[in-house]
Every structure is written in C-alpha cells, then in structure tokens.
Undergrad: 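So that we are looking at the same thing, I have put the structure below in structure tokens.
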Amino acid sequence: MLQFNKSLFFLISLFGIISSNAQNEVYKSEAVIADTTFVNLKDYSSDFIYDMKYATEDNFLKAKVYDCAECFLRLKTVKALIAANNDFKKKGFKIKLYDCYRPLSIQKKMWEIVSNPEYVADPKKGSIHNRGGAVDISIVDAKGKEADMGTPFDFFGIQAGHNYTKLSKSILSNRKFLKSVMIKNGFNSFDSEWWHYNLKTGLKDNVSNQKWNCE
C-alpha cells in the first residue's frame, strides 16, 4: 500500500509539473507580439530625442495635424531603429525623430492642405509612413546639438538630396554617417530627402489607419 501511495504521489507531482510548464508555455506564447504590431517607441527605449514636427505648427504645412507627439511604428521597425540608435550611441550620438507612423486619416488631412505629390504622398496610394515602416530623423551629439545636414528637415530643394555634393565636407560626412548606419540596420534612404528612411521589410505592409490615445 505504501509503495502504491509513493507511486501515486510521483504521478500526481509529475502531472503538476507538466501542467505548470504547459501553462507557462501558453502564457509565453500569448505574450509574443507580432513584428507587424503597432507599438509606441518610448515603451521600448528612452534613448531617443523627439521633435515631432507635425504635432506642432513648425512644419512646411504651417499646421498641427497630430493631436500629440507620439512615435508609433510597427515592432520590426522599432527593433531596427533601436539597433541603429545603439550604433550611433557608440559614436556619441542619438537619433532625433521628426516623424514616424502616420495614420491614413492624417495623410488625407495633409493632402487637403497641400495637394501636391512632390511634397505630400497622395493618400489614394499611401506612403511608407502610412505603413509604419518609415521614419524622418537626424542625429544629435551628447550635448543635444543637431548635426549639420546642410538643410532643415522638410526642405524641398535639391540641396536636401543625397546626390547633391556642393556642400562642406563636414555636412557630407554627417549625411554619409547617418545613411551608412541606417542602411547597415535594414533601412533604405530616400534620394531627395536626407532625413527619410524606410525599413526594407516594411515596404509591402498594408496602409493603416491605426490611431493612438493621447491621454
């Protein structure tokens, strides 16, 4: 009888361990977030500088189109951006953000203000910003001073392009540094805008109108 009780206790204990492990596995699987999920960058890193232009009137539209200055992106974009920022930090810099994910409703609002595809993507087609795979950025040093890139953000002259070379060596070096680190971490540059970078794996994601809570 004692032997039977020991065996029964062993089986019950073994079942308890298996059951507990199974519950933990279920919990872990439920906690996994898909790479295409929209997340808030600040929930994953506090090492970025924010200057979200479209949450102010300090932009080429001369209008505030975001209710609040949040940087939402798809998780895979966040991961790549953090990796890039870590590389910049090794050289004494941090990424400064001007724009991130842009809901389609905001794209439509921008189009109403400036209906020119040279400056604003037509919302009928959508942009990579509407897909959560684009960022508009610069870099700042340890004192918060922005690196000289030759033109301001959203300057739409030829001087803002990567192929424009009539700039000082230091400006060209800054642009090259920004571009090289971003490309190393999975982004593509945009020829006419030194500040704009697209995540390569985000180009085919769906246009979205995901919105966030400003409270």
Side-chain angles (χ1 to χ4, degrees), residues 32-55 59 66 69-103 121 126-155 160-164 167 169-208 210 212:
V32 171
I33 301 175
D35 268 354
T36 53
T37 303
F38 282 99
V39 298
N40 195 334
L41 176 61
K42 71 181 182 183
D43 291 335
Y44 290 80
S45 174
S46 58
D47 289 330
F48 290 85
I49 306 299
Y50 293 82
D51 186 12
M52 305 297 284
K53 292 295 188 183
Y54 300 120
N59 56 65
Y66 290 131
E70 298 289 357
C71 178
F72 275 77
L73 295 162
R74 294 192 190 270
L75 180 58
K76 59 184 176 181
T77 312
V78 164
K79 290 177 179 177
L81 195 62
I82 290 174
N85 203 35
N86 286 338
D87 283 345
F88 285 123
K89 284 163 57 182
K90 293 173 185 176
K91 300 292 185 178
F93 293 88
K94 287 183 178 181
I95 290 175
K96 182 177 185 176
L97 295 150
Y98 296 123
D99 197 20
C100 300
Y101 163 64
R102 186 185 304 155
S127 77
I128 187 67
H129 274 295
N130 308 140
R131 292 172 166 82
V135 288
D136 293 335
I137 63 171
S138 187
I139 49 175
V140 300
D141 63 18
K143 295 182 179 180
K145 182 181 178 181
E146 188 172 338
D148 188 355
M149 296 296 178
T151 76
F153 164 68
D154 266 1
F155 176 85
H162 284 285
N163 297 323
Y164 188 81
L167 299 166
K169 290 183 179 179
S170 62
I171 291 172
L172 293 174
S173 177
N174 289 340
R175 289 189 182 186
K176 183 179 180 180
F177 176 47
L178 177 64
K179 184 176 179 178
S180 64
V181 172
M182 294 302 287
I183 287 176
K184 173 190 171 186
N185 286 282
F187 291 86
N188 282 329
S189 61
F190 190 59
D191 284 347
S192 62
E193 301 175 356
W194 60 259
W195 55 83
H196 182 103
Y197 286 89
N198 299 325
L199 185 70
K200 294 178 185 178
T201 60
L203 297 174
K204 294 182 179 180
D205 287 329
N206 293 329
V207 168
S208 174
Q210 180 88 16
W212 56 84

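Every value quoted in this text rests on a predicted model; they were computed, and no experiment measured them. Basis for what follows: all heavy atoms, side chains included, without hydrogens, waters or symmetry-related copies.
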Undergrad: Restricting to ring pair (Phe, Tyr, Trp, His ring centres under 6.0 Å), what partner residues turn up for Y164, sequence neighbours left out?
TA: none
Undergrad: State the OG-CG distance between S46 and L41, to the nearest 0.5 angstrom.
TA: 9.5 Å
Undergrad: Any salt bridge (charged side-chain N to carboxylate O under 4.0 Å, His left out) pairs touching residues 136-151, not counting sequence neighbours?
TA: K96-E146
Undergrad: For the OG atom of S173 and the CG atom of L178, what is their distance to the nearest 0.5 Å?
TA: 11.0 Å
Undergrad: Write down the atom of I139, the atom of F177, and the distance for their closest heavy-atom approach.
TA: CD1-CD2, 3.6 Å
Undergrad: So, for G132 and F38, which heavy atoms are closest and what is the spacing to 0.1 Å?
TA: CA-CE2, 3.8 Å
Undergrad: Can you name the closest pair of heavy atoms from A134 and N198 and give their distance?
TA: CB-OD1, 3.5 Å
Undergrad: Does S189 offer a backbone N or O that forms a donor-acceptor pair with the side chain of H196 under 3.5 Å?
TA: no
Undergrad: With sequence neighbours left out, what residues match W195 under ring pair (Phe, Tyr, Trp, His ring centres under 6.0 Å)?
TA: F153
Undergrad: Does anything in residues 74-95 form a salt bridge (charged side-chain N to carboxylate O under 4.0 Å, His left out)? List the pairs, not counting sequence neighbours.
TA: D35-K79, D47-K89, R74-D205, K76-D205, D87-K90, D87-K184
Undergrad: Could you go step by step and tell me if Y101 and Q210 meet the side chain to side chain contact (heavy atoms under 4.5 Å, CB included) rule?
TA: CA-CA 9 Å; Y101 163 64; Q210 180 88 16; 3.5 Å; yes
Undergrad: Applying side-chain contact (heavy atoms from CB on, under 4.5 Å), can you list everything that pairs with T37, at least two apart in sequence or on another chain?
TA: I33, A34, V39
Undergrad: If a pair satisfies salt bridge (charged side-chain N to carboxylate O under 4.0 Å, His left out) and one of its residues is in residues 189-202, list it, with sequence neighbours excluded.
TA: none
Undergrad: About how many Å separate NZ of K204 and CD1 of I128, when rounded to the nearest 0.5 Å?
TA: 12.0 Å
Undergrad: If we only count heavy atoms from C-beta on, is the Y50 to E70 side-chain gap below 4.5 Å?
TA: no
Undergrad: Could I get the full list of side chain to side chain donor-acceptor pair (under 3.5 Å) partners for T151, not counting sequence neighbours?
TA: W194
Undergrad: Could you work out, with side-chain contact (heavy atoms from CB on, under 4.5 Å) as the rule, every residue matching A69, not counting sequence neighbours?
TA: M52, A55
Undergrad: How far apart are the closest heavy atoms of C71 and N40, and which atoms are they?
TA: O-OD1, 3.4 Å
Undergrad: Can you list the residues that meet the side chain to side chain donor-acceptor pair (under 3.5 Å) rule with S192, with sequence neighbours excluded?
TA: none
Undergrad: Return the minimal non-hydrogen interatomic distance between N185 and A83, and the atom names on each side.
TA: OD1-CB, 3.3 Å
Undergrad: Find the distance between CG (N85) and CZ (F48) and round it off to the nearest 0.5 Å.
TA: 4.0 Å
Undergrad: Using 0.5 Å steps for rounding, measure from the CE atom of M182 to the CD1 atom of I95.
TA: 5.0 Å
Undergrad: State the OG1-CG distance between T201 and N188, to the nearest 0.5 angstrom.
TA: 10.0 Å
Undergrad: Excluding sequence neighbours, so at least two apart, what forms salt bridge (Lys or Arg N to Asp or Glu O under 4.0 Å) with R102?
TA: D99
Undergrad: For F187, enumerate each residue passing the ring pair (Phe, Tyr, Trp, His ring centres under 6.0 Å) test, keeping only those at least two apart in sequence or located in another chain.
TA: none
Undergrad: Excluding sequence neighbours, so at least two apart, what forms ring pair (Phe, Tyr, Trp, His ring centres under 6.0 Å) with Y44?
TA: none
Undergrad: For A80 and L199, which heavy atoms make the closest approach, and how far apart are they?
TA: CB-CD1, 3.6 Å
